[in-house]
Amino acid sequence: MIGKQIGNYKIVELIGKGGMAVVYRGQHLTLSRRIVAIKMLSTELERDPSFSERFFREAEVMDRLKHPNIVTLYDFIEQDNHHFIVMEYVSGITLNQIIKETNGPLPLSQIRDIFKQVLDAIGYAHRLGIVHRDLKPSNIMINKEGQVKITDFGIARLLAENFEATLTTTGMGIGSPYYMSPEQVLASKDHPITGASDIYSLGITLYQMVTDHVPFSKKDSLFTILQAHISATPPPPRQFCPDIPESLEEIILKAIEKKPEHRWATCEDFWQALDKAITEAEEGKTQPCVPPSTIQKGEAVPPPPEIPSPPEVPP
């Protein structure tokens with residue numbers, strides 16, 4: 001594909017490849033300073049109308065979103081029996097990379113700066129009736145100027161999709177296992193997916209930024225992790241970082257409550273509480289978090305040994 005012309009763009013190089021799509025860096029043929037990201041649906045999936053429809057819906061969702069902290073859609077192109085989304089190219093790194101490179105809890109000031117932008121963007125999407133449903137550090141990019149850009153709205157608004165079929169086909173369900181809300185795991189009409197699911201995923205993300213851990217261990221099986229979201233009590237963040245403010249711990253735990261109605265009602269409420277907690281911590285000169293030496297990186301308290309049976313998948 002390198003060198004191929006897609007509409008008014010030339011493909012320059014491969015950026016990355018996932019289970020559903022391949023992403024290239026492209027350049028406008030006339031406006032040479034316009035560098036874009038070109039996302040192409042994987043050839044294997046284009047034969048399946050459901051995936052083509054999902055890809056088109058992603059473009060539809062992105063076209064509605066006009067926010068400085070959300071990647072901008074430029075075009076949707078169908079060419080040579082392929083589908084392409086042309087969007088803003090973000091020169092920067094993901095939050096996931098920042099967490100890995102920091103190799104420990106992020107400073108509170110950095111957490112506040114990043115999360116303010118994230119919550120502002122997702123709150124905006126929620127007001128438009130759009131739920132992202134796959135929020136995680138790898139879908140949060142930060143450019144060279146420190147500006148956050150939310151990416152990958154590929155499963156937004158798809159509220160009636162079979163969880164097990166998606167898991168089997170693409171290697172993951174509606175969301176990413178470490179960040180999935182209980183209602184996403186249950187995937188039934190009795191557990192509707194709303195903006196509260198995004199709040200939960202952001203709560204897990206904040207937990208990781210504050211502690212350098214996810215609440216349910218990456219050493220566990222996929223099934224165990226998914227069941228833990230439904231029934232296991234997450235270890236308090238202060239178990240990993242005793243010096244973080246209790247108020248911050250309470251904010252995180254509220255965001256990842258099992259029942260959606262017990263979480264923060266809106267991103268705005270989430271932000272107001274978080275900003276207040278961090279400001280008070282800074283004014284009180286709270287010491288940076290130093291993980292206890294007895295806790296090894298990547299560990300978390302495992303879920304209870306009695307794992308419930310997998311939820312029934314609706315027909």
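Aromatic pair His229/Phe216: centroids less than 6.0 angstrom apart. You'll find the ring centres of His213 and Tyr207 outside the 6.0 Å limit.
Residue Gln147 places its CD atom among more than 12 non-hydrogen atoms of other residues, nucleotides or ligands, all under 6.0 Å distant.
By the 4.5 Å heavy-atom criterion applied to side chains, Asp152 and Lys39 are counted as neighbours. When side chains are defined from C-beta on, Leu29 does not count as touching Tyr9, because their heavy atoms never get closer than 4.5 Å. Annotation: side chain of Ile38 is not in contact with side chain of Val23 (no heavy-atom distance under 4.5 Å).
Leu206 CG to Ser201 OG: the interatomic distance, rounded to the nearest 0.5 Å, is 12.5 Å. Taken to the nearest 0.5 Å, the OG atom of Ser138 stands 7.0 Å off from the OH atom of Tyr179. Note that CD1 of Ile122 is 9.5 Å distant from CG of Asn69, once rounded to the nearest 0.5 Å.
A cation-pi contact, defined as under 6.0 Å to the ring centre and within 45° of the axis, links Arg34 to Tyr74.
Salt bridge annotation for Lys100-Asp212: absent, with no cationic side-chain nitrogen under 4.0 angstrom from a carboxylate oxygen. Taking a cutoff of 4.0 Å between a charged side-chain nitrogen and a carboxylate oxygen, Arg57 and Glu53 qualify as a salt bridge. Salt bridge annotation for Arg263-Asp198: absent, with no cationic side-chain nitrogen under 4.0 angstrom from a carboxylate oxygen. Taking the charged nitrogens against the carboxylate oxygens, Arg127 and Glu268 do have a contact shorter than 4.0 Å, which makes a salt bridge. Salt-bridge formation is detected for the pair Asp275/Arg112: a Lys NZ or Arg NE/NH1/NH2 atom is positioned less than 4.0 Å from an Asp or Glu carboxylate oxygen.
Side chain of Trp271 to main chain of Thr266: no donor-acceptor pair is present (N/O by atom type, distance under 3.5 Å, no hydrogens or angles). Side chain of Glu13 to main chain of Ile2: no donor-acceptor pair is present (N/O by atom type, distance under 3.5 Å, no hydrogens or angles). Judged by distance alone, with hydrogens and angles left aside, the side-chain atoms of Gln239 form no donor-acceptor pair with the main-chain N or O of Pro236 at under 3.5 Å. Panel note: side chain Lys17, backbone Leu14; no donor-acceptor pair is recorded below 3.5 Å.
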